[in-house]
Amino acid sequence: MKMMYVRLTLLLTFFIGVCRAQEIIPFPNHYELTAGKLTIPRTLTISSSDSEFSGIIPVFRQSARDFYSVKVEQKDENGFIRLIRNSGEKNHEGYRLTIKPDGITVEAGYANGCFYGLQTVLQLAGNAAAGGSLRCAVIEDSPRYEWRGLMLDESRHFQGMTEVKRLLDFMALQKLNKFHWHLTDAQGWRIEIKKYPLLTEVGGKGDLTNPNGPVQFYTQEEIKEIVKYAGQRFIEVIPEIEMPGHATAAVKSYPEFGGGGSEQCPDFTFNPGEKETYGFLTDILDEIITLFPSRYIHIGGDEVHFGNEHWNDIAGVHQLMQAHQLKDLPDVEHYFLNRMADSLRVRGKIAVGWDEVVTAGLPKSGTLVMWWRHEKPQQLGEALTKGYEVVLCPRIPLYLDFVQYNLHTYGRRWSGGAFAPIESVYRFPGKEFTGGISVSSPLVKGIQGNVWTEKIATPERLQFMVFPRLSALAEAAWSDDDVKNYASFNLRMNNMISLYKRMGLTFFDYRNPENTPEIKDPVK
Ligand code: ACM
């Protein structure tokens with residue numbers, strides 16, 4: 001009797017083990033089980049006859065060790081994992097993965113796809129761990145959206161290299177591919193600009209909690225290190241240099257380019273009425289362009305009306321209005337945005353702006369709009385009608401600094417108390433989030449989660465707000481509606497949560513909300 005019980009338990013453990021091994025996030029778009037199983041060896045060998053694909057192996061080896069303590073060795077041929085170039089695969093990010101009793105092959109047309117095939121292998125093999133087994137299968141996979149992003153604000157509270165690399169690691173594992181880096185704002189300028197050192201010496205000082213705190217910023221060498229680290233993980237880094245508003249840190253450093261503010265937001269803007277302002281900002285963008293290979297440069301453009309009252313009192317602004325027949329301050333704002341976006345376009349870059357730019361008359365080719373004001377779906381509708389490419393990142397539900405559980409006090413809320421639970425992130429972009437506007441247009445490039453840091457000072461708080469919603473975001477961005485299933489996602493989170501624990505993350509255990517940890521953070 002006892003023997004039978006032991007056997008049954010072993011059998012059950014085996015089946016649970018096999019099932020758990022298939023827990024992948026984001027779930028592949030085509031996953032077909034076939035006959036047989038594959039035992040995972042203690043050391044994974046990997047081979048590739050393609051030199052570009054071989055170049056991906058060192059990062060795979062490092063991730064296998066860091067995430068799962070799995071050892072990977074490169075072999076000249078016949079590895080347990082074989083990487084094969086298949087020129088028939090036209091999707092840059094697509095891959096085909098075949099699991100047979102004698103090993104795993106990853107076929108892809110491009111390095112990006114090969115990398116994503118390996119992320120799937122990493123989760124499969126890491127979850128099964130040495131000695132476990134996988135069901136044989138064929139996976140044919142490519143993403144729903146080409147823009148699968150995360151934005152981090154480092155102006156309000158600086159987070160630093162370690163946290164950024166940690167985010168990039170988890171983004172890559174879950175096939176997110178755009179890191180939007182909000183490096184300048186009112187509370188701090190966080191990127192070294194050689195021509196204007198005061199931007200960081202003065203503008204990098206302090207943060208929202210402690211305006212007189214130490215100077216914190218990234219040197220250009222550090223920026224290059226992050227851009228390279230991200231690139232090795234097939235993540236494009238899009239810098240944001242905010243203008244013409246949210247400019248307080250910059251104009252504190254160089255007041256001669258300031259355009260004043262309002263009572264609510266003093267010293268909020270650059271001065272659009274001085275031609276030197278355009279020279280100053282173009283010099284900055286020239287340095288930015290040498291640091292970031294991305295086709296996209298974000299120039300902000302949001303909330304200018306909060307703090308541009310003082311423009312009314314600047315003679316240069318009146319002259320500009322006369323010279324260019326600008327009738328009011330929004331016209332001046334639009335003139336400014338056009339001029340800066342032009343500077344980017346002649347340098348071969350696409351200007352990205354928040355959804356206020358939809359009315360600025362920017363050319364539709366060479367501009368990408370980020371729709372963020374969830375209460376204004378008409379901005380999204382207008383962007384699409386005007387033919388702009390759009391990334392969807394509405395506050396509700398994609399601002400990951402918003403509260404994620406009703407009883408929580410950590411994070412922001414929208415009026416009426418609205419917040420952003422993980423299930424709503426998962427269900428995005430359901431019609432209920434887009435004011436009924438269809439987002440099936442090819443102009444919709446993808447989706448992005450944004451992490452503002454007014455309410456996030458420490459790494460622990462940052463992690464707590466990002467994890468686990470990052471996993472839901474990843475599946476919403478990659479997996480088609482017909483494979484998305486929230487109940488299945490919750491089961492598959494078993495392994496992801498084990499991984500969060502192994503990596504020592506502070507996270508919200510949303511399936512056991514009473515376990516919410518106390519997080520020390522100076523921000524309430
Ligand atoms: C924003 O949240 N102000 C883009």
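Counting starts at 1 for both ligands and their atoms, following the listed order. The residues of the chain are indexed from 1 along the displayed sequence.
- In terms of heavy atoms, Arg166 sits closest to Leu505 at CD-CD2, 3.3 Å.
- Taking 4.5 Å as the limit, some side-chain heavy atom of Trp181 sits within range of a side-chain heavy atom of Tyr218.
- Closer than 4.0 angstrom to ligand 1 by heavy atom are Asp302, Glu303, Trp354, Trp372, Tyr399, Trp452, sorted by chain and number.
- Side-chain contact check for Asn210 and Asp207: no donor-acceptor pair (N or O, by modelled atom type) lies under 3.5 Å.
- One finds no salt bridge joining Glu163 and Lys165 here, because no Lys/Arg side-chain nitrogen approaches an Asp/Glu carboxylate oxygen to under 4.0 Å.
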Please lay out, stage by stage, how His182 and Ser155 fare under the test side chain to side chain donor-acceptor pair (under 3.5 Å). CA-CA 7 Å; His182 188 82; Ser155 175; 5.7 Å; no
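- Gln232 pairs by the side-chain hydrogen bond (donor to acceptor under 3.5 Å, both in side chains) definition with nothing, not counting sequence neighbours.
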